[in-house]
Each structure stands twice: as structure tokens, then as C-alpha cells.
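FYI, side chains are in, hydrogens and waters are out, and symmetry mates aren't considered; it's all heavy atoms of this structure. Chain letters run A, B, ... following the sequence lines, proteins first and then strands; every chain starts at 1.
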There are 2 protein chains.
Amino acid sequence: MTKKLFLPPATTVDVVIFTIEGNDLKILLIRRENEPFRRQWALPGGFLFKNETAEQASYRVLHKKAGARVSYLEQLYTFDSPFRDPRGHVLTIAYMALVSHKNLNFTKRKELQNPTFYSVKKIPKLAFDHRNILVYAIKRLRAKLEYTNVVLSLLPKLFTFNQLQKTYEIILNRKLDKRNFRKKFMLLKLIRPTLKILKGERQRPARLYQFISRKSAELKKFF
Amino acid sequence: MTKKLFLPPATTVDVVIFTIEGNDLKILLIRRENEPFRRQWALPGGFLFKNETAEQASYRVLHKKAGARVSYLEQLYTFDSPFRDPRGHVLTIAYMALVSHKNLNFTKRKELQNPTFYSVKKIPKLAFDHRNILVYAIKRLRAKLEYTNVVLSLLPKLFTFNQLQKTYEIILNRKLDKRNFRKKFMLLKLIRPTLKILKGERQRPARLYQFISRKSAELKKFF
DNA sequence: CCAAAAGTGTTGACTGTACACCCATGT
DNA sequence: ACATGGGTGTACAGTCAACACTTTTGG
């Protein structure tokens, strides 16, 4: 076995960018232009610049690939198998980002590797070990929903109870009881009703709510 | 700002090695022999060898520094501030390891940087950002206790209910009710009584239990 | 008037917590 | 005999899950 110190693996970041669109949880994928895995779909990512933190690199990737104003970014896990990249030993620090669909300033530009949101239910074959990263990210997101207030990063500032509940249902992939959901969520004291009413839909108007604080919070008990 | 691709940070691993000894949760520290932070206490760690995974490097470090047969190893988080190491940009992938005190083959050898177990209540000043890593590790360990069966890695094969409960109490740093603890733990169906009895102490002999499976398990509800 | 989502309480099951005494052994 | 941890059950409180109907608007 060849052992040699100070020959570090190359370091990249890859970012799983989640958003809710329609009735789906979606992630952003780009189409690779270069080898390896040319023309395959992949998570947006890239090599670390000199003296750049992985978090800074993630923001850079997000901005460049998705034009997204991110409201939440979290490190997930470092994937470091020496065989995950055919070019050699390249480790990646995986992040997940949450973006309210309203905050996306997103143009599907061919010259930018054709960034496209895919429903997590219909993910194409991905380059590298990106499917593993995605699976890990979804698991983390589901877990975080249940004991933190991360959901606020996927919602607009003002939202109806129905939107809130839908977001939970879409991510957890199961129906929740309307009355129990409202009761529990109100007890958490995370959101408050505003005086505003959402009219103009073809049903009874709904009260709009907002988060009391937009700081991240961990809760003892939740769902 | 100087930006340059393909100039990766150096990569290390650092391992928080937990064990229970006496009535304390302890971690292994070594005394640095070289600069930077010469003669300060630090977590055992080291640079990745060529084509070595971080997990392999962690096992190597464990074996060399602690002579420990590790029953549990888990990646925690990657710390990557460019300023955490005065020599330059060195990122570290932090791991935590759990070792049953019985499995330690541990000699406090001066020539091996004087490895010493310290109670987490009395940690000296640590090199680099190792205190942050330790704080993170303790938080993760406490969380994992409550929804997995990791505790098995800190116990001998056969143990009394009292040892089991003590282990929880020491790590969570609070007293638990004896009757409720026994009731809940038995309902989990993780352990079974053996026919063996621990005699020779100066009290009523205690039944010895064992884990039904030593594979890691996640539980819906726990503590 | 019809369709669609908004909004609202009660009950029974279950889970968690608090709490005190006798037992078997070694010294 | 006494000190030490071993071992056991009950009752109350709090939380969770199941469940259906009326309201308000737009079309």
C-alpha cells in the first residue's frame, strides 16, 4: 500500500437544493457538460477555492447555478470513498439548501448546464454517488421537519394554514389530520395570525399567518 | 481574492473516543509533541493517507493511539474554517467512537503522546478547535442514546440493569426512575435476561442481561 | 346552488411520570 | 444487624389519534 502524507484528496461541495412547487418536493439538477459523466444529471457543486469554506462554496454554487436567495443551508455529510470519482480521490462535503419557490430567480439557461427542478419522485440517473447524497438529504429533511422550524424556509412570509400543512404532507409523504395539525402547531407558538386574509380563490377566504421569529429553533416535542 | 481551483485543503480526521469509567463519561486525549500547539492536549487524529477513506484513517488512529477495539464509529461533521490550523487550510472530518471500557487495551505510553482519558467534566484547554468538536460529539451522543441502541457499544456483553441505567444517567447527566426505566427498556425488546447472575458484590445478586442483536437499530420512541 | 377549502371540539386510548416498600446477599 | 443495590405496581396527568359538520366565498 502506498502511503504518503500531505497528498490530500481534492475537495468539492455538492448541494441538494429543495423547494416546494405544485404538490411536489423538488430538487435542482444540472446537466454535466464535461467528463466524467458528461451529459448526465448531477447535483450542482464544485471545487473549493483557495481558503474558501465549504459553506462559502455552497453559497457560490447556489447563486451561480440557481440564482437562488437561500434561506437555509446545512452541512449534511462528507462522502469520501476514493472510488466515487473516476478522476481520482475527490471527497465532497454535501449540503442541503431550502428555498422558498417565491425566492427563486431562476432562468433555465442552456449555457448554465440547463438547471432544472425535478420532483424527488422522478429523479433521473445521477452522476457520481449523487443518488446516495440525495437519499441522505431527504432523510435529514424529514427528520428536521419533526423537531425544528425549518419549514419556514420553504414558505413565503405570509401563508395559510393549508399551505403549511401541505408542505408537511408533501415532504413527509402522508396525509395529516387538519384539526390535529392546527391544534398542535398553534400550541408550539411559532406562528401568529395576521390581520390579512387571502381572498380571490374560489372558496372561503383564509387567514394568513407568519412566523413569530425566523431564527432556527429546536423543539422538544413536535410531530 | 485569490481564487485557484485544484488546490485542495489538507485533510485530517479527529476522533472523539468515548468510554464510561467509574461514574464518568470520558474521552481520550493525547499530548501534542509538535507544533502547532506543542504540549497542548488534543483529540487523537491525523492526516489522511493516499486513497484512504476517513473511516479507515479513524480506525488507524484509534488503533495506534488507543489500542482500542472499537465497537462503534460514526462520522460527525466536517470542520473547515481556513483559520482553524495556523499552518494553513486544513479541514478535519470529525468522528466519534464508542468503546466499552473492558475492550480497551490501553497503555499510557509516554512515547505515544501520553494518551489519557479525561472526564468530560474536566477537560483541559484543547488545541485547534477541538473543544467545538467535543461539544458537538457530546450533543450527538446524547441524541443518539434517545433513539438508537448505541449504548450497547459502551457496555460489556453481559450487564445488569443497574449498569445499563447508570450508563444512561452518566451520559444524559440526570437521574432516571428505576421502575420506569426498566419498564420502558424491556418494552423495547432490545435485551433479554440470561440465566446468569452476578454474585459477589455486597448486595443482592443481580440478573445479567444481553442485547438480542448487536446490530445498530433506530427506534420510534425511546426516552 | 354548487364546488371548494376554511374553520372548529370531544372522546377514548395510550404514554409518561411520580412514587415506596420488601428482598437477598456480604460484611 | 445493617448497608447496599435488586426488584416490583399503581394511579394520575398529559398527549395523541380518530372523527363530521357548518361557514364563506367564487363561479
Side-chain angles (χ1 to χ4, degrees), chain A residues 20 22-23 142-143 145-148 155-156 158-170 172-210 218-223, chain B residues 20-24 142-143 145-148 155-156 158-170 172-210 218-223:
Chain A
I20 301 282
N23 284 319
R142 286 196 177 135
L145 259 204
E146 311 227 349
Y147 70 94
T148 72
L155 289 166
L158 297 174
F159 53 88
T160 66
F161 240 107
N162 197 260
Q163 285 176 280
L164 178 62
Q165 186 177 337
K166 276 263 172 61
T167 305
Y168 270 81
E169 290 178 340
I170 289 165
L172 298 178
N173 199 28
R174 61 187 165 95
K175 281 280 172 201
L176 300 171
D177 180 89
K178 187 162 57 155
R179 279 170 289 188
N180 293 337
F181 183 85
R182 183 182 286 260
K183 205 187 316 170
K184 256 200 290 195
F185 216 97
M186 284 314 284
L187 277 175
L188 294 173
K189 306 281 183 202
L190 290 176
I191 63 174
R192 64 162 158 250
T194 67
L195 298 174
K196 292 180 182 150
I197 302 285
L198 180 67
K199 286 193 173 192
E201 310 289 313
R202 76 159 178 288
Q203 71 261 18
R204 174 172 171 179
R207 180 162 301 271
L208 289 165
Y209 291 78
Q210 64 184 185
E218 295 209 1
L219 310 168
K220 295 289 173 224
K221 299 197 173 188
F222 211 151
F223 283 87
Chain B
I20 301 282
E21 195 188 5
N23 284 319
D24 277 317
R142 285 196 177 135
L145 258 204
E146 312 228 347
Y147 69 95
T148 72
L155 289 166
L158 297 174
F159 52 89
T160 66
F161 240 107
N162 196 259
Q163 284 177 280
L164 178 63
Q165 185 176 337
K166 275 265 172 62
T167 305
Y168 270 81
E169 290 179 340
I170 288 165
L172 298 177
N173 201 27
R174 61 188 164 96
K175 281 281 172 200
L176 300 172
D177 180 89
K178 188 163 57 156
R179 279 168 292 189
N180 294 337
F181 183 85
R182 183 181 287 259
K183 207 189 316 170
K184 254 200 291 194
F185 216 97
M186 284 314 283
L187 277 175
L188 295 172
K189 305 282 183 200
L190 290 177
I191 62 174
R192 67 165 156 246
T194 67
L195 298 174
K196 292 181 183 151
I197 302 286
L198 180 68
K199 287 193 172 191
E201 309 290 311
R202 75 159 179 285
Q203 73 260 20
R204 174 174 170 179
R207 180 161 301 268
L208 288 165
Y209 291 79
Q210 65 184 184
E218 294 210 0
L219 310 167
K220 295 288 174 225
K221 301 201 170 185
F222 211 148
F223 283 87

Rounded to whole angstrom units, what separation is found between the [atom1] atom of [X] and the [atom2] atom of [N]?
| X | N | atom1 | atom2 | value |
| --- | --- | --- | --- | --- |
| B:L198 | D:dT4 | CG | P | 18 Å |
| A:N162 | D:dT23 | CG | P | 20 Å |
| B:L187 | C:dC14 | CG | C1' | 12 Å |
| A:E146 | D:dC16 | CD | P | 12 Å |
| A:I197 | D:dT23 | CD1 | C1' | 13 Å |
| A:M186 | C:dT8 | CE | C1' | 13 Å |
| A:Q163 | C:dA5 | CD | P | 13 Å |
| B:Y209 | D:dG6 | OH | P | 11 Å |

(request) Please collect all side-chain hydrogen bond (donor to acceptor under 3.5 Å, both in side chains) contacts where either partner lies in residues 194-207 of chain A, sequence neighbours excluded, each pair once. (result)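 For residues 194-207 of chain A: none.
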(message) Tell me every residue that passes side-chain contact (heavy atoms from CB on, under 4.5 Å) with A:I170, counting only those two or more places apart in sequence or in another chain.
(response)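 Residues passing side-chain contact (heavy atoms from CB on, under 4.5 Å) with A:I170: A:I20, A:N23, A:L25.
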(message) Going by the rule side-chain contact (heavy atoms from CB on, under 4.5 Å), which residues pair with A:T148 if we only count those two or more places apart in sequence or in a different chain?
(response)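 If we apply the side-chain contact (heavy atoms from CB on, under 4.5 Å) test to A:T148, skipping adjacent residues, the hits are A:K144, A:V150, A:E218.
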(request) Sequence neighbours left out, what pairs pass salt bridge (Lys or Arg N to Asp or Glu O under 4.0 Å) with at least one residue falling in residues 174-195 of chain A? (result)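 Salt bridge (Lys or Arg N to Asp or Glu O under 4.0 Å) check on residues 174-195 of chain A returns A:E146-A:R174, A:E169-A:K175.
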(request) Five pairs at each end of the helix from C:dC1-D:dG27 to C:dT27-D:dA1: take the axis at both ends and give me the angle between them to 10°. (result)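 Comparing the first five pairs with the last five, the axes sit 0° apart.
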(message) How would you summarise protein contacts on nucleotides 18-26 of chain C per nucleotide, using B for base, S for sugar-phosphate only and - for none, with heavy-atom distances below 4.0 Å?
(response) BBB--BBBS
